[in-house]
Participant: 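Here it is: the structure, laid out below.
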Amino acid sequence: MLSIKNLKASIEDTEILKGLDLEVKPGEIHAIMGPNGSGKSTLASVLAGREDYEVTEGDVKFNGKDLLDLEPNERAGEGLFLAFQYPVEIPGVSNMNFLKQAINSIREYKGEDAIAAKEFLKKVKEKQDLVGLSGRLANRSVNEGFSGGEKKRNEIFQMAMLDPKLAILDETDSGLDIDALKTVADGVNQLRRKDNAFIVITHYQRLLDYIVPDVVHVLSEGKIVKSGPKELALELEEKGYDWLKEDEGVNA
Amino acid sequence: MAYTETELAEELENSKYKYGFTSKFDTDRVEKGLNEDIIRQISSKKNEPEWLLEFRLEAYRNWRKMKEPKWAHVKYEKPKFDEITYFAAPQPKKKLDSLDEVDPELKEMYDKLGISIEEQKKLAGVAMDVVVDSVSVQTTFKDKLEEKGIIFCSFSEAVQNYPDLVKKYMGKVVPPNDNFYAALNSAVFTDGSFCYIPKGVKCPMELSTYFRINEAGTGQFERTLIVAEDNSYVSYLEGCTAPMRDENQLHAAVVEIIAMDDAEVKYSTVQNWYPGDKDGKGGVYNFVTKRGLCDGRNSKISWTQVETGSAVTWKYPSCILKGDNSEGEFYSVAVTNNYQNADTGTKMIHLGKNTRSLIISKGISAGFSENSYRGLVQINKNAKNARNFSQCDSLLIGDKCGAHTFPYIETKNNSSKVEHEATTSKIGEDQIFYCQQRGMDEEQAVSLIVNGYVKEVLNKLPMEFAVEAKKLLEITLEGSVG
Ligand SMILES: Nc1ncnc2c1ncn2[C@@H]1O[C@H](COP(=O)(O)OP(=O)(O)O)[C@@H](O)[C@H]1O
Ligand SMILES: [Mg+2]
């Protein structure tokens with residue numbers, strides 16, 4: 001589904017991603033962990049197509065297409081979704097209006113007709129329940145005045161509405177209490193299917209108690225320095241990241 | 001009413017502004033220039049009563065003594081008043097034989113707005129008797145209005161049929177010597193609209209100047225007079241249900257509103273005149289004097305405007321809150337792109353006790369444009385317990401445009417309260433990227449964000465007008481990012 005080869009990216013002439021490789025297959029959940037500043041959000045932004053980053057080398061294939069050749073909205077149309085670490089507020093734009101526009105833009109990209117009002121409302125109701133946001137979105141503007149937890153849940157809600165092929169969750173767990181964390185994890189688990197995949201970026205092992213990954217990767221200084229089964233997360237929790245740096249030469 | 005536009009303009013003269021653009025007037029006219037004879041001709045051709053001729057002549061004599069104001073934040077080539085044709089129906093549109101001859105750029109815009117082919121023909125001046133057509137439009141609801149005693153007709157008709165009413169109220173709110181352009185208008189105005197709502201009558205439908213728009217070329221010096229008697233209500237719409245590319249370079253209108261005891265008038269405008277091309281050539285200069293007088297107790301006048309057009313806009317719909325407990329409102333969206341200039345705002349003059357005013361202004365600047373909000377809130381000595389709240393927001397798209405906010409506040413008593421809030425923000429790349437990540441292209445993203453930003457004002461417009469305004473915003477801002 002996603003195949004990243006030797007990806008290098010920089011911002012303002014500082015190289016952040018320094019030759020990153022990653023393979024994600026349908027049905028899989030990958031966790032990416034790593035210290036602050038290691039480039040996790042950068043990876044997510046580059047995949048989503050943020051302009052600020054310059055890709056200097058490498059190749060990214062997404063379902064057979066050259067991802068890096070596509071505009072951000074085209075990537076979304078192809079089924080890539082990013083749950084933002086810091087969701088943006090858009091004053092005056094209602095959540096419903098925003099979502100409807102999003103759904104219809106993606107439908108248009110795929111050559112489909114706009115969604116019928118009835119179908120849309122039905123879907124909203126169903127997915128709202130999934131993330132425990134029922135009745136709390138209708139009359140509010142996108143993320144405006146939302147608590148941290150509500151913003152994160154709203155990201156998952158949008159994900160559920162758009163039903164992407166590949167969803168990248170950038171620290172969706174940070175700042176959440178345990179109940180909210182469970183809600184978010186539940187949402188992901190219910191959406192999980194054989195034909196879609198998730199990349200879960202996180203700082204803490206605890207999310208992985210609820211979303212069980214197939215693979216855990218450690219990102220350090222712009223490269224994946226170690227990959228392993230879910231137990232790797234526990235090991236990281238215990239030992240921190242420093243031991244990996246010393247290891248780096250051996251692994252490479 | 002102790003102040004005039006001229007006085008204010010003089011006060012505002014000293015701001016710096018470094019910006020120029022050129023525009024030439026088409027001089028290919030039959031009759032040019034302005035003198036007393038021309039005014040006499042206009043008046044006699046229109047079969048006007050003596051007092052109206054006197055009104056015009058006095059205005060003209062005043063105008064000759066006045067100096068054209070220098071606008072603080074607006075620069076343009078001054079109109080050459082001797083080269084304008086005042087009398088001949090201003091520049092008759094070239095008759096075209098089919099739509100194929102219409103400027104393709106214009107045609108594209110019509111198509112985007114979803115205007116029917118028939119309507120397109122009218123607008124583009126394809127052979128068709130628009131005047132006859134517009135008269136019939138008007139008469140369809142005339143009967144209904146007459147039943148209620150509402151008068152709604154062209155200004156010329158009003159002069160013939162209701163001379164006493166016209167004489168009584170005309171120039172009461174905007175005196176003929178008020179400012180340079182109002183004086184010019186008073187001398188040479190060609191036509192306009194007249195609206196009279198009798199005591200206790202709530203006008204059952206939105207009144208719109210639709211019929212007037214189709215009359216090619218009368219828009220240059222138009223005059224509107226709205227009188228709402230005690231306890232009456234009217235919602236009045238001015239402007240286009242379609243883009244009007246006015247060929248006249250100078251547009252100097254006067255709008256007067258009078259609200260008596262407990263009366264309410266809502267006046268909504270969507271203005272989308274030709275803004276000039278991408279390089280700032282051509283376009284309409286829109287110098288308009290709009291003023292409402294809350295003459296009676298508990299009266300209310302509310303201005304809502306969406307301004308997307310004109311090369312230069314200079315316009316301050318104002319309220320004079322004379323009656324005790326009277327209320328004035330101003331909701332505005334002003335969008336500028338390319339090389340447009342807008343200097344708009346409002347004036348709220350509080351004279352009576354417990355008078356209230358509310359100002360919500362949303363400016364959007366893109367391209368190389370300059371967008372200024374200029375507002376005056378004046379609370380006079382007798383306006384005990386007067387209240388004003390102003391919210392002036394500016395949104396910038398790109399980094400070559402400008403937004404300016406000039407609030408002028410004068411308070412002459414200490415029982416009143418004036419609050420002013422202002423924000424300037426750049427349309428966020430973060431916001432655009434967020435929308436793009438959800439599948440929208442850049443233009444959809446900008447239009448969504450902008451619509452959110454102006455929602456508070458658009459909500460004040462009647463439904464069809466709001467839809468229209470949204471489309472106009474989209475068209476105006478097309479290609480303004482990226
Ligand atoms: N605009 C920027 N200019 C320069 N460096 C930046 C910019 N944004 C992020 N960085 C740097 O890129 C590195 C990776 O950041 P990020 O991808 O956000 O890390 P993570 O998400 O893993 O915490 C950090 O060292 C950060 O300081
Ligand atoms: Mg991060």
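Computation of the quantities below employed the complete heavy-atom set of this structure, encompassing side-chain atoms and omitting hydrogens, waters and symmetry-equivalent molecules. Per chain, numbering begins at 1; letters A, B, ... match sequence-line order. What you are looking at is a predicted structure, and each value in this text was computed from that prediction instead of being measured.
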Participant: For Pro87(A), is it the side chain, the backbone, both, or neither that has a heavy atom closer than 4.5 Å to a heavy atom of chain B?
Facilitator: both

Participant: Quick one: pull up CD in Glu74(A) and CD in Gln436(B) and give me the separation to the nearest 0.5 Å.
Facilitator: 10.0 Å

Participant: For Ile90(A) and Cys435(B), work out which heavy atoms get closest and say how close.
Facilitator: CD1-SG, 3.7 Å

Participant: For Leu162(A), is it the side chain, the backbone, both or neither that has a heavy atom under 4.5 Å from a heavy atom of chain B?
Facilitator: side chain

Participant: Between Gln437(B) and Ala76(A), which heavy-atom pair has the shortest distance, and what is it?
Facilitator: O-CB, 3.1 Å

Participant: Are any non-hydrogen side-chain atoms of Glu108(A) and Gln444(B) less than 4.5 angstrom apart?
Facilitator: yes

Participant: Please indicate whether Asp195(A) has more than 12 foreign heavy atoms, meaning atoms of other residues, nucleotides or ligands, lying under 6.0 Å from its CG.
Facilitator: yes

Participant: Identify which part of Arg75(A) has an atom lying under 4.5 Å from any heavy atom of chain B, answering side chain, backbone, both or neither.
Facilitator: neither

Participant: Output the distance between atom CG (Asp52(A)) and atom CG (Asp430(B)), rounded to the nearest 0.5 Å.
Facilitator: 8.0 Å

Participant: Given side chains that start at C-beta, do those of Glu456(B) and Pro91(A) come closer than 4.5 Å, heavy atoms only?
Facilitator: no

Participant: Looking only at heavy atoms, which two atoms of Gly439(B) and Ser105(A) are closest? And how far apart?
Facilitator: O-CB, 3.1 Å

Participant: Check whether more than 12 heavy atoms from other residues, nucleotides or ligands sit under 6.0 Å from atom NZ of Lys470(B), and answer yes or no.
Facilitator: no

Participant: So what's closer than 4.5 Å to chain B heavy atoms on Tyr86(A): side chain, backbone, both or neither?
Facilitator: neither

Participant: If you count heavy-atom pairs under 4.5 Å with chain B, which of Ile103(A), Val142(A), Leu80(A), Asn104(A) comes out on top?
Facilitator: Leu80(A)

Participant: Does CD in Glu51(A) sit with more than 12 non-hydrogen atoms of other residues, nucleotides or ligands closer than 6.0 Å?
Facilitator: no

Participant: If we ignore angles and hydrogens, is there a donor and acceptor under 3.5 Å between the side chains of Tyr434(B) and Asn143(A)?
Facilitator: yes

Participant: With a sphere of 6.0 Å drawn around CD of Glu429(B), does it hold more than 12 non-hydrogen atoms of other residues, nucleotides or ligands?
Facilitator: no

Participant: To the closest 0.5 Å, what do you measure between CZ (Phe81(A)) and CZ (Arg438(B))?
Facilitator: 3.5 Å

Participant: Considering non-hydrogen atoms only, spot the tightest contact between Ala102(A) and Met440(B) and give its length.
Facilitator: N-CE, 3.8 Å

Participant: If the plane angle is over 60° it's perpendicular, under 30° parallel, otherwise tilted; pick one for Phe84(A) and Phe433(B).
Facilitator: perpendicular

Participant: To the closest 0.5 Å, what do you measure between CD (Glu71(A)) and CD (Glu442(B))?
Facilitator: 8.0 Å

